[in-house]
Number of protein chains: 2
Amino acid sequence: MTRWSVGDLAKASGLTVRTLHHYDEIGLVVASERTSSGHRRYTPDDVRRLYQVRSLRQLGLSLAEVRSALSRSDSLRPLFEAQLAALTAQARQVEALRSRLTALLDGHTTESLLSTLEMMSVYESYFTSDQLADLRSRAASMGPEAVEALKASWLELVRQLRQHMADGTPATDPRVADLVRQWDELGARFTGGDAAIQAAAQRSWNENKTSISTQIGWPADDGLVDYVNRARAAG
Amino acid sequence: MTRWSVGDLAKASGLTVRTLHHYDEIGLVVASERTSSGHRRYTPDDVRRLYQVRSLRQLGLSLAEVRSALSRSDSLRPLFEAQLAALTAQARQVEALRSRLTALLDGHTTESLLSTLEMMSVYESYFTSDQLADLRSRAASMGPEAVEALKASWLELVRQLRQHMADGTPATDPRVADLVRQWDELGARFTGGDAAIQAAAQRSWNENKTSISTQIGWPADDGLVDYVNRARAAG
DNA sequence: GTAGGACCTCCCGTCGCGTGAGGTGCAAAC
DNA sequence: GTTTGCACCTCACGCGACGGGAGGTCCTAC
């Protein structure tokens, strides 16, 4: 028995018969022989190649990458380094998502989850791509947790300000002035003191009245903009 | 202008027109109105929904998950927790791959990379699924780096033993005995002292002569099994 | 003689869109 | 008046790596 059938090879390798068919179809691991009735017969060389493919796949390479790796085996090291870089990038992305989620789950009640998300989402599309790139690089240097913490603080400030408005606290109230001061500090930390970005943020904020958030009936048109501006003028 | 065209909405949201079409097609975010010529007109409510979808997508949820999240918004928290768990699992997988790759890149010359991988791959399919689960849980408790280090040591021992064989060192040589002793220690650490797994490993090793590794013309049938067994008998 | 298994070859479905191809509607520039 | 150009429309195929099923063949065992 020096030849293998698909089923036996599937069992031995832990892959499925369908996968072996697929590899055969695309010419990645072809059964070199066939029986008279058309059944695949894998030679020792085929099996060897299959295990090479399997091992490379276990490192997360695509079938195309596996194919090229096996065609010119000298290029394994650069390929692996590229794969390592890709995995590192992926790890960072996953970590960013994880910290977003944990920050959300820790800091918010169930009913506020969706609206919080919606707010973040809307405000995140307010900047030009250059400014976004800039913000992102700054965010990267701060680390995802710090960014999430910052966002959470900001949302909390908005909540408190809105609360004061609802309670009828005058814009000249020192408590309001204090919140606005915190707000501006937060903004400075967020923008890293970059004047252009601050201006963009300010512009996005002022344009609120005629932009998305207004159109979709957000509380943004409830006068918070004016309220904050009045407080700033008074301070 | 309280209605939005696809193009404008795409620009504002950072999504593509095609994506908006897709969401419309599958009924996730439908343009509630159409002009007489059939152009989509998004109402404020549609836009709101789009931003909710976008925010949920940014957390890594699938379109199906987003849809169900928006249909019964009470279930957000469990959904997020599930997503967090999935992301955590994914993070672990990515980390495992990364440590495999770094271990490989650190410890091996270019030409040995592929054959090393191939060996690992073949030996990894030698155990029953129960035993594999067992090994995996032990591996999890050891941490991926330790596992890779262990594998690397094992492969290094195999290399040295084969070298001795090639050099004609007798199996009774104390240096060989020492290597075999290290080998057995490594095995004990790998199997965690579990007798059944040790037996399986032993069996897989002894069956080498008639199994895959022989069939594919591996050096395993070069007498290393016998050599090691003779050394053990002598020690 | 027939029941069961293992094998074969199509071929459609997945997920989230990208990327055309081919046509319509509408405004400004010639 | 027409041409150009733009934004929009509806199909419909393509990707990656297979899963899964339909419908048929082949071989063995009872």
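Here is the naming used below: chain letters follow the sequence lines, and residue numbers restart at 1 for every chain.
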(request) Quick one: which residue pairs count as a salt bridge (Lys or Arg N to Asp or Glu O under 4.0 Å) with a foot in residues 27-39 of chain A, not counting sequence neighbours? (result) A:Arg3-A:Glu33, A:Asp24-A:Arg34, A:Glu33-A:Arg41
(request) Using a 4.0 Å heavy-atom cut-off, write out nucleotides 11-27 of chain D from 5' to 3' as B (base contacted by protein), S (sugar-phosphate only) or - (no contact). (result) -B----BBBB-----S-
(request) Determine the contact category for A:Arg34: base if any of its heavy atoms lies under 4.0 Å from a base atom, sugar-phosphate if only primed atoms, P, OP1 or OP2 are that close, otherwise nothing. (result) sugar-phosphate
(request) Any chance you could lay out the side chain to side chain donor-acceptor pair (under 3.5 Å) test for A:Ser99 and A:Thr102, step after step, and finish with the verdict? (result) CA-CA 5 Å; A:Ser99 57; A:Thr102 50; 5.6 Å; no
(request) List for me each residue that meets side chain to side chain donor-acceptor pair (under 3.5 Å) alongside A:Glu65, sequence neighbours excluded, and say none if there are none. (result) A:Ser62
(request) Look at the side chain of A:Arg57 and the backbone N and O of A:Leu61, then say whether any donor-acceptor pair between them is shorter than 3.5 Å. (result) yes
(request) Check each of B:Arg98, B:Gln93, B:Arg92 against B:Glu95 using the side chain to side chain contact (heavy atoms under 4.5 Å, CB included) test, and report the only one that passes. (result) B:Arg98
(request) Spell out, as yes or no, whether a donor-acceptor pair under 3.5 Å connects the side chain of A:Ser13 to the backbone of A:Leu9. (result) yes
(request) Quick one: list whatever passes side chain to side chain contact (heavy atoms under 4.5 Å, CB included) with A:His21, sequence neighbours left out. (result) A:Val6, A:Val17, A:Arg18, A:Arg40
(message) Donor-acceptor pair, distance only, cut-off 3.5 Å: does the side chain of A:Arg54 make one with the backbone of A:Gln58?
(response) no
(request) Flag the pair A:Tyr51 / A:Val47 as yes when at least one side-chain heavy-atom distance between them is below 4.5 Å, and no otherwise. (result) yes
(message) Within the 4.0 Å heavy-atom criterion, would you say A:Ser5 contacts the bases, only the backbone, or no part of the nucleic acid?
(response) sugar-phosphate
(request) Only one of B:Asp8, B:Leu50, B:Leu20 passes side chain to side chain contact (heavy atoms under 4.5 Å, CB included) with B:Tyr42; say which it is. (result) B:Leu20
(request) Walk along DNA chain C from 5' to 3' and tell me the first and last nucleotide with an atom closer than 4.0 Å to a non-hydrogen atom of chain B. (result) C:dG16 to C:dG25
(request) Using five base pairs at each end, measure the axis-to-axis angle across the helix from C:dG1-D:dC30 to C:dC30-D:dG1 and round it to 10 degrees. (result) 40°
(request) Specify the separation, in whole Å, of atom CH2 of B:Trp4 and atom P of D:dC8. (result) 13 Å
(request) To the nearest Å, give me how far apart CZ (B:Arg41) and C1' (D:dA7) are. (result) 15 Å
(request) Using whole Å, report how far CG of B:Leu9 lies from C1' of D:dC8. (result) 14 Å
